[in-house]
Visitor: 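Handing you a structure now.
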Amino acid sequence: MTNTEEYAEGTRPLVYQCRLPLSTRTVNHLADLLRRHLKAIRSRWRALPPGKIAVIVLAVLRHDQRLADMAGGNKVSESTVRRWRDELIRLLAVQTPRLDRALKKVARRGEEVVLIDGTLIRTKRRTGKADRRNYSGKHRSHGLHFLALTDENGRMIWISAARPGRTHDNTAARHDHILAHLRAAGLGALADLGFRGLDNDILDPVIVTGYVATRTHKLTPGEKEANRALAVGRAPVEHGFAHLKNWRILTKLRTDPARATLLLRALLVLTNLEINR
């Protein structure tokens with residue numbers, strides 16, 4: 001007996017082509033990563049070749065294509081596409097460096113400062129206690145909080161684990177021991193006012209956050225000029241987040257928050273591949 005696909009008149013599925021705005025280098029990197037993994041686990045067969053699987057997964061990540069749509073267009077099951085996506089995300093995530101190693105690498109290049117900031121990746125509302133924990137009053141939205149470091153040019157070098165959206169930048173930085181890692185690497189950091197109070201060393205500060213006006217103290221011309229200079233120095237960190245959020249799967253996460261850390265770290269690797277091409 002042979003399996004043949006027979007469609008009723010007028011019900012044949014429609015397939016369209018879509019441009020994937022990524023470099024061949026990124027596709028080849030992902031395909032080679034999968035080939036090495038298949039060889040390591042001694043897997044002799046996949047429904048599609050590694051290069052095709054890489055393109056499918058990149059389309060899911062870049063364009064936020066639905067798994068069922070990609071499955072139907074490539075004649076595989078939705079669960080197969082999901083398995084490929086999760087497999088490649090795990091393989092990419094393990095390539096991200098640890099915080100201490102990332103900072104030491106920056107120091108070896110002769111750079112003196114890094115840029116630090118936090119961001120919110122929006123998610124769907126959740127039921128129960130998780131709904132309130134993931135609500136950010138600052139952004140007035142539900143999401144997950146991530147802390148990231150970039151170099152002076154805005155190239156993202158490290159990203160933290162996912163935390164509830166209500167997490168403050170200072171709380172996340174203390175949890176990750178950012179100050180201790182910066183001192184160990186001999187680096188300074190430029191940050192916004194959300195990190196005020198993280199570094200209380202007046203004589204030898206590591207984290208520079210600028211000045212803030214109060215009811216009883218107005219900023220002097222010198223302090224205003226210092227804030228403007230700090231803002232210019234910090235601008236590249238926003239470029240780093242912009243490159244990361246070009247992956248449309250981050251528009252509104254539908255994945256389990258427990259897997260969000262792996263996803264962001266995998267996208268960090270892919271983003272750096274695109275920037276450094």
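Because the structure is predicted, anything quoted here is derived from the model rather than measured. Reckoned from all heavy atoms, side chains included, excluding hydrogens, waters and symmetry mates.
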Visitor: Do other residues, nucleotides or ligands put more than 12 heavy atoms under 6.0 Å from the CZ atom of Arg155?
Guide: yes
Visitor: Please determine, by modelled atom types, if Lys245 and Thr119 share a side-chain donor-acceptor pair under 3.5 angstrom.
Guide: yes
Visitor: With heavy-atom distances below 4.5 Å as the criterion, would you say the side chains of Leu115 and Glu152 are in contact?
Guide: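 Sidechains of Glu152 and Leu115: no contact.
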Visitor: Tell me if the CZ atom of Arg140 is crowded by more than 12 foreign heavy atoms within 6.0 Å.
Guide: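 At most 12 heavy atoms, drawn from other residues, nucleotides or ligands, come within 6.0 Å of this atom.
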Visitor: Distance check, rounded to the nearest 0.5 Å: Leu267 atom CG versus Arg265 atom CZ?
Guide: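 Rounded to the nearest 0.5 Å, the CG-CZ separation comes out at 12.5 Å.
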Visitor: Nearest 0.5 angstrom please: Asn74 CG to Ile56 CD1, how far?
Guide: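 That separation rounds to 3.5 Å.
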Visitor: Atom CG in Leu58, atom CD1 in Ile53: separation rounded to 0.5 Å?
Guide: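 That separation rounds to 12.0 Å.
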Visitor: Considering all heavy atoms of both residues, which atom of Leu268 and which atom of Leu244 are nearest to each other, and what is their separation?
Guide: N-CD1, 3.9 Å
Visitor: Between Leu230 and Val206, is there shared hydrophobic-cluster membership here, with clusters defined by ILVMFWY side-chain heavy atoms closer than 4.5 Å?
Guide: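 In one cluster: no.
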Visitor: State whether Arg82 and Glu78 are salt-bridged, where the test is any N-O pair (Lys NZ or Arg NE/NH1/NH2 against Asp/Glu carboxylate O) under 4.0 Å.
Guide: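 Yes, charged N to carboxylate O under 4.0 Å.
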Visitor: Taking all non-hydrogen atoms of both residues into account, name the closest pair between Ala260 and Leu144 and its distance.
Guide: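 Between these two residues, the closest heavy atoms are CB-CD1, 3.5 Å.
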Visitor: Rounded to the nearest 0.5 Å, how far apart are CG of Leu263 and CG of Leu61?
Guide: 6.5 Å
Visitor: Thr150 and Trp158: side-chain contact (heavy atoms from CB on, under 4.5 Å), yes or no, with the steps?
Guide: CA-CA 7 Å; Thr150 72; Trp158 175 82; over 6 Å; no
Visitor: Could you tell me the separation between the CG atom of Leu149 and the NE2 atom of His181, rounded to the nearest 0.5 Å?
Guide: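 Between Leu149 CG and His181 NE2, I get 10.0 Å after rounding to 0.5 Å.
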Visitor: Can a salt bridge be assigned to the pair Asp176 and Arg163 using a cut-off of 4.0 Å between side-chain N and carboxylate O?
Guide: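 Looking at Asp176 and Arg163, the cut-off is met.
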Visitor: Can you see which heavy atom on Asn170 is nearest to which on His168, and at what distance?
Guide: N-ND1, 3.0 Å
Visitor: State whether a side-chain donor-acceptor pair under 3.5 Å links Asp169 with His145.
Guide: yes
Visitor: Would Asp64 and Lys252 pass as an ion pair if we require N to O under 4.0 Å?
Guide: no
Visitor: Is atom OH of Tyr211 surrounded by more than 12 heavy atoms (other residues, nucleotides or ligands) closer than 6.0 Å?
Guide: no
Visitor: Is the closest side-chain heavy-atom distance between Ile121 and Phe146 below 4.5 Å?
Guide: yes
Visitor: Please tell me whether Thr271 and Trp247 have a donor and an acceptor in their side chains that are separated by less than 3.5 angstrom.
Guide: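 Yes - a donor-acceptor pair under 3.5 Å links their side chains.
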Visitor: Is it the case that the side chains of Glu238 and His243 hold a donor-acceptor pair, with the cut-off being a distance below 3.5 Å and no angle test?
Guide: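 Their side chains do not contain a donor-acceptor pair, so the 3.5 Å distance test is not met.
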Visitor: Hydrophobic cluster membership, with links at side-chain heavy-atom distances under 4.5 Å among I/L/V/M/F/W/Y: are Leu30 and Leu262 in one?
Guide: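 Yes.
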